[in-house]
Participant: 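Shown below is the structure under consideration.
Keep in mind it's a predicted model, so treat the numbers as computed, not measured. Per chain, numbering begins at 1; letters A, B, ... match sequence-line order.
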Amino acid sequence: MQLSPPGNLPSRENMDTATSVKHLGEFTGEEVLLEGWVYNSRSSGKVGFLMLRDGTGIVQCVLSRADVGEELFAAFKELTQETSITVWGVVKEDSRAPGGYEIIAGGFTVHQLALDYPITPKEHGTAFLMDHRHLWLRSRRQHAIMLVRHEIIRATRDFLDDNDFILVDTPIITPNACEGTSTLFGLDYFGRQAYLTQSGQLYNEANARAHKRVYCFGPTFRAEKSKTRRHLTEFWMVEPEMAYCDLEGDMAWAEQLVAYIVSRVLETSGQQLEVLERDTGKLEQVKAPFPRLSYTEAVKSLQSAGVDMQWGGDFGGGDETIISEQYDQPLIVHRFPAAIKAFYMKQDPDDNKLALGMDILAPEGYGEIVGGGQREEDLEVLMARLLEEGLSAQEYEWYLDLRRYGSVPCAGFGMGIERVVAWICGLPHVRETIAFPRLLNRLEP
RNA sequence: UCCGGUGUAGCUCAAUUGGUAGAGCGAGUGGCUGUUAACCACUAGGUUGUAGGUUCGAGUCCUACCGCCGGAGCCA
């Protein structure tokens, strides 16, 4: 359908390129062309309101029957939700319009009329929305979440890049399991057993000896049959690794990264947080340094809170919540029992029952967002720990080489992007923090 | 894998003690000159998750299975 606008209104020929809703403020009083989709439309007998969504924002376009003519006005009334259209008209400041600006429309062109769009402006259940995830992404809240995710990733990369970290990607397909095969997705690699990575850390350690400070950033896979609000089977993790760094340095880098991300989102994404109805007061309190608690202190604190827990065990999700709710900042828990940690984690020289690991627990019950620690740099100790875990030294020869040729203290951590997004956006579940989540019971769409 | 909940129109939900399956939204038709998830009137829309059982009669009670949601375990 192509309709010509009447004579005294802006015509499409006057404009060469389309602008976007995000930049409308620069065109007050001018004619613009917008390309987008119908978000919603309303009409009374002689005035129509078209909410146009163009990916950068939503703007109300006003069509007056007297101005646009009978034919165009009748065509407007045929428009359905999510129909793709190009609209042209004059930008006008108007306090009655959501967003402060509206378009006095001169005309529009329909590209495709969308019939029976499944997601109506009313409420829907999560199962239905997840089945229509490919369409749900267009809605206002989901759009805002993806923008915040984008900003979190940008802030992460800016922070690391500006501090002389080099992005060195690590492989997704790996030949062996660094911490047992039960949590890994297996795959056939030309007749050999291979796995999807659950961490780039071992490779990061090699890269850190080439570049001193490195990070990898990619998808990570866990085949755990976990069915909780904080687990995905495929998630994105950024993993910085630093040569010549100990546990203290590791904690400092991690807390500064987290604090920087929060301040950047507050600075740039206020509009999105408003759409998400996030209480930003709680985010504004996030400032490095974060409070620190040793594992041993955390266990004592839990025991005095009435939790039945012995020294040596791992924290459950509920335990994490109880500990972190005592603080309004992210909390660093450090020095865990060596027995429950991976073979490559360095033992505490002051107490060999402890490993030099650390976790950061997000406030408001969001749980662990960062996990990391100092690596064992001594060849003999590392070899002994590896064999203790029943792993084959032969498969880790290249990793052991890192201790043979210029070994140094080395530390790093992994930060789960989806958990950080869930926390900063104030979402109850990580499934909305990624465009197409992979969950225990969900592989589609 | 275990425990709990749930499944009714395209969507979100009602339906009394077991007695004719209903509303809002969405869709369609008409009306309305400033709407904000617009509003008003009318219309269409159903194998009540599946299979079996009890009963004169089952959305409702019983059994099994399936899906989904939440929690536990396991994990980041």
Participant: Looking at the side chain of A:Val47, which of B:rU33, B:rC32, B:rA76 is the nearest nucleotide?
Facilitator: B:rU33
Participant: Step by step, work out the side chain to side chain contact (heavy atoms under 4.5 Å, CB included) result for A:Leu273 and A:Leu266.
Facilitator: CA-CA 8 Å; A:Leu273 296 176; A:Leu266 284 171; 4.1 Å; yes
Participant: Considering just the side-chain nitrogens and oxygens of A:Arg141, establish if one lies under 4.0 Å of OP1 or OP2 belonging to B:rA37.
Facilitator: no
Participant: Taking the six-membered ring for Trp and the full ring for Phe, Tyr or His, determine whether the centres of A:His132 and A:Phe128 are under 6.0 Å apart.
Facilitator: yes
Participant: Check whether the aromatic ring of A:Phe235 stacks on the base of B:rA76, taking stacking as ring centres less than 5.5 Å apart and planes within 30° of each other.
Facilitator: yes
Participant: I need the CH2-C1' distance between A:Trp236 and B:rA76, as an integer number of Å.
Facilitator: 17 Å
Participant: Atom CZ of A:Arg230 and atom C1' of B:rG71: how far apart are they, to the nearest Å?
Facilitator: 12 Å
Participant: Between A:Lys46 and A:Asp67, does any NZ, NE, NH1 or NH2 come within less than 4.0 Å of an OD or OE carboxylate oxygen?
Facilitator: no
Participant: Do A:Tyr117 side-chain atoms and A:Leu135 backbone N/O form a donor-acceptor pair below 3.5 Å?
Facilitator: yes
Participant: Quiz question: by atom type and distance under 3.5 Å, do the side chains of A:Arg278 and A:Gln272 form a donor-acceptor pair?
Facilitator: no
Participant: Listed in order of residue number, which residues of residues 258-265 of chain A have a non-hydrogen atom at under 4.0 Å from RNA chain B?
Facilitator: none
Participant: Give the dot-bracket line for RNA chain B from 5' end to 3' end: parentheses for intra-strand Watson-Crick or G-U pairs under 3.5 Å, square brackets for crossings, | for inter-strand pairing, dots for unpaired.
Facilitator: (((((((..((((.....[..)))).(((((.......))))).....(((((..]....))))))))))))....
Participant: Salt-bridged, A:Asp158 to A:Arg264, with N to O below 4.0 Å?
Facilitator: yes
Participant: Can you tell me the distance, in whole Å, between the CZ atom of A:Phe49 and the P atom of B:rA37?
Facilitator: 13 Å
Participant: By nearest atom, which of the nucleotides B:rU35, B:rC68, B:rG70 is closest to the A:Ala127 side chain?
Facilitator: B:rC68
Participant: Are side-chain N/O atoms of A:Thr220 and A:Glu234 paired as donor and acceptor at under 3.5 Å?
Facilitator: no
Participant: Salt bridge check, A:Arg292 against A:Glu255: does any charged N sit closer than 4.0 Å to a carboxylate O?
Facilitator: yes
Participant: Please report the distance separating the C1' of B:rU8 from the corresponding atom of B:rC3, rounded so that it comes out in whole Å.
Facilitator: 27 Å
Participant: Considering only atom C1', compute the distance from B:rU17 to B:rG26 and round it to an integer number of Å.
Facilitator: 36 Å
Participant: Which atoms of nucleotides 2-12 of chain B (N or O only) lie under 3.5 Å from a protein N or O atom, and what are those distances?
Facilitator:
| residue | atom | partner | partner atom | Å |
| --- | --- | --- | --- | --- |
| B:rC11 | O2' | A:Glu123 | O | 3.1 |
| B:rC11 | O2' | A:His124 | ND1 | 2.4 |
| B:rU12 | OP1 | A:Gly125 | N | 3.1 |
| B:rU12 | O2' | A:Glu123 | OE1 | 3.0 |

Participant: Relative to the 5' end of RNA chain B, which residue comes earlier, A:Met130 or A:Thr233, by the nucleotide with the nearest heavy atom?
Facilitator: A:Met130
Participant: Given B:rA76, B:rG34, B:rC74, which nucleotide is nearest the side-chain atoms of A:Thr228?
Facilitator: B:rC74
Participant: Roughly, in whole Å, what's the span from CZ in A:Arg133 to P in B:rC68?
Facilitator: 17 Å
Participant: Between A:Tyr215 and A:Asp169, is any side-chain donor less than 3.5 angstrom from a side-chain acceptor?
Facilitator: no
Participant: Closest to the A:Asn441 side chain: B:rC74, B:rA76, B:rC69?
Facilitator: B:rC69
Participant: Checking A:Arg213 against A:Phe165: charged group under 6.0 Å from the ring centre and within 45 degrees of the axis?
Facilitator: yes
Participant: Closest to the A:Lys46 side chain: B:rG70, B:rU33, B:rU35?
Facilitator: B:rU33
Participant: Quick one: label A:Leu232 by what it contacts on the DNA or RNA (base, sugar-phosphate, nothing), any heavy atom closer than 4.0 Å.
Facilitator: base
Participant: Base of B:rG34, side chain of A:Glu102 - is there a donor-acceptor contact under 3.5 Å?
Facilitator: yes
Participant: Go nucleotide by nucleotide along RNA chain B from the 5' end; which of A:Gly416 and A:Thr80 gets its closest nucleotide reached first?
Facilitator: A:Thr80
Participant: Tell me the interatomic distance from A:Phe413, atom CZ, to B:rA76, atom P, rounded to whole angstroms.
Facilitator: 17 Å
Participant: Within the 4.0 Å heavy-atom criterion, would you say A:Arg140 contacts the bases, only the backbone, or no part of the nucleic acid?
Facilitator: nothing
Participant: So, A:Glu241 and A:Gln201: side-chain donor and acceptor under 3.5 Å apart, yes or no?
Facilitator: no
Participant: Side chain of A:Val62: nearest nucleotide among B:rU33, B:rC32, B:rG34?
Facilitator: B:rG34
Participant: Could you check whether A:His429 gets within reach of a base, just the sugar-phosphate, or nothing at all, counting any heavy atom under 4.0 Å?
Facilitator: sugar-phosphate
Participant: Taking the minimum atom-to-atom distance to the side chain of A:Arg229, which one of B:rG34, B:rU33, B:rG71 wins?
Facilitator: B:rG71
Participant: If you only use heavy atoms from C-beta on, which nucleotide in B:rC69, B:rU33, B:rG34 is closest to the side chain of A:Asp94?
Facilitator: B:rG34
Participant: Just checking, is any N or O donor in the side chain of A:Thr120 or A:His124 under 3.5 Å from an acceptor N or O on the other one?
Facilitator: yes
Participant: Of the nucleotides B:rG34, B:rA76, B:rU35, which has the atom closest to the A:Arg419 side chain?
Facilitator: B:rA76
Participant: Taking the six-membered ring for Trp, are A:Phe413 and A:Trp253 closer than 6.0 Å centroid to centroid?
Facilitator: no
